[in-house]
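Encoded as structure tokens, the structure appears first; notes follow it.
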Amino acid sequence: MASIYLKSIITQQDFIYFPLATNLIELTEFFLDEFVLILKMFIEAIAVFIIAFAVLKAVAQMLRMRKNRKLFTFEGRIRLELGISLVLALEFLLAADVVGTAISPSWSDIGKLTAIAGIRTFLNFFLEKEIKELQQKNHSDE
């Protein structure tokens, strides 16, 4: 009789703690998902600010050089600085995509990340190639 009573207590305790453990796991998963979403948006915002700042800086430099009639002499330097900023922003955007798919990604998410990473890496490669060419051109002009 005592063993039946003991089994009854253990079963009741398991019943009490099992939903609590499940809720704790779900709660942790929820907060982790929210944290990842906020982190992804923050990293994307950094990339947008980098691009916006670089474009504003390039436009300001172009207007200043145009006013002094030296636009064509400094065009390569302006493009070089803008290109470097775009490469940096692309790296941040790629990092944001990786962070976004870090928590239990589906195959669809992995496929999208692969496509996005491929496109951004392709763009990055050619931007870096152009930056190197502009750097060599600027060094040869000096």
Side-chain angles (χ1 to χ4, degrees), residues 3-142:
S3 66
I4 293 174
Y5 179 72
L6 187 58
K7 278 186 176 180
S8 167
I9 292 175
I10 292 173
T11 307
Q12 287 176 354
Q13 286 177 345
D14 289 343
F15 181 73
I16 291 170
Y17 288 114
F18 181 73
L20 180 63
T22 303
N23 289 338
L24 184 61
I25 291 170
E26 288 174 0
L27 185 65
T28 305
E29 228 176 82
F30 172 77
F31 282 124
L32 193 57
D33 284 342
E34 292 300 312
F35 174 74
V36 166
L37 180 65
I38 291 168
L39 182 61
K40 181 180 186 226
M41 289 185 340
F42 179 72
I43 294 171
E44 287 173 341
I46 290 172
V48 169
F49 286 132
I50 289 171
I51 293 170
F53 179 75
V55 167
L56 290 175
K57 183 179 173 186
V59 168
Q61 287 176 343
M62 285 174 49
L63 291 175
R64 189 173 39 238
M65 297 301 161
R66 186 169 186 225
K67 189 186 295 184
N68 297 337
R69 302 194 189 282
K70 297 179 182 178
L71 178 60
F72 294 110
T73 58
F74 291 102
E75 178 189 7
R77 194 184 86 212
I78 294 170
R79 288 182 63 206
L80 178 65
E81 290 176 7
L82 182 61
I84 290 170
S85 297
L86 290 176
V87 167
L88 180 63
L90 278 171
E91 293 292 332
F92 272 99
L93 289 171
L94 184 59
D97 290 332
V98 170
V99 165
T101 56
I103 305 297
S104 59
S106 66
W107 284 107
S108 174
D109 292 337
I110 293 171
K112 288 176 188 174
L113 176 64
T114 303
I116 291 169
I119 291 168
R120 290 192 177 152
T121 303
F122 179 78
L123 288 172
N124 218 355
F125 172 76
F126 284 104
L127 274 172
E128 286 182 6
K129 185 177 176 182
E130 187 173 350
I131 287 170
K132 286 179 185 176
E133 289 173 4
L134 285 171
Q135 285 175 334
Q136 289 173 353
K137 182 181 174 187
N138 283 346
H139 287 298
S140 66
D141 288 344
E142 293 174 356

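The first residue of the sequence shown is numbered 1, and numbering continues consecutively from there. As the structure is a prediction and not an experimental result, all values here were calculated from the model.
- Heavy-atom minimum distance, Ala54 versus Ser85: CB-CB, 3.3 Å.
- Within the structure, the ring-ring contact (aromatic ring centres under 6.0 Å, His included) test picks out the following pairs touching residues 86-123 (sequence neighbours left out): Phe122-Phe126.
- How far CD of Glu81 is from CG of Leu86: 12.0 Å, rounded to the nearest 0.5 Å.
- Look at Lys112 and Asp97 and you find no salt bridge, because none of the NZ, NE, NH1 or NH2 atoms lies under 4.0 Å from a carboxylate O.
- To the nearest 0.5 Å, atom CD of residue Glu29 and atom CD of residue Glu26 are 7.5 Å apart.
- Partner Leu88 forms a side chain to side chain contact (heavy atoms under 4.5 Å, CB included) with one of Leu93, Ile50, Ile51 and no other, that one being Ile50.
- Taking 4.5 Å as the limit, every side-chain heavy atom of Thr101 sits out of range of all side-chain heavy atoms of Ile110.
- Between Lys40 and Gly100, the shortest heavy-atom distance links the atoms CD-CA, 3.7 Å.
- Met62 CE to Lys57 NZ: the interatomic distance, rounded to the nearest 0.5 Å, is 14.5 Å.
- To the nearest 0.5 Å, the span separating CG on Leu32 from CG on Leu37 amounts to 11.5 Å.
- Ion pairing between a basic and an acidic side chain is recognised when a charged N comes within 4.0 Å of a carboxylate O; Glu128 and Lys132 show no such pairing.
- Separating the NZ atom in Lys129 from the CG atom in Leu127 is a distance of 12.0 Å, to the nearest 0.5 Å.
- Closest approach of Asn124 to Leu90, counting heavy atoms only: N-CD1, 4.1 Å.
- For the side chain to side chain contact (heavy atoms under 4.5 Å, CB included) with Ile84, the qualifying choice from Leu82, Val87, Leu80 is Leu80, the only one to do so.
- Looking at heavy atoms from C-beta onward, Glu91 lies out of side-chain contact with Arg120 at the 4.5 angstrom threshold.
- Note that the CD1 atom of Ile38 and the CZ atom of Phe31 stand 10.5 Å from one another [nearest 0.5 Å].
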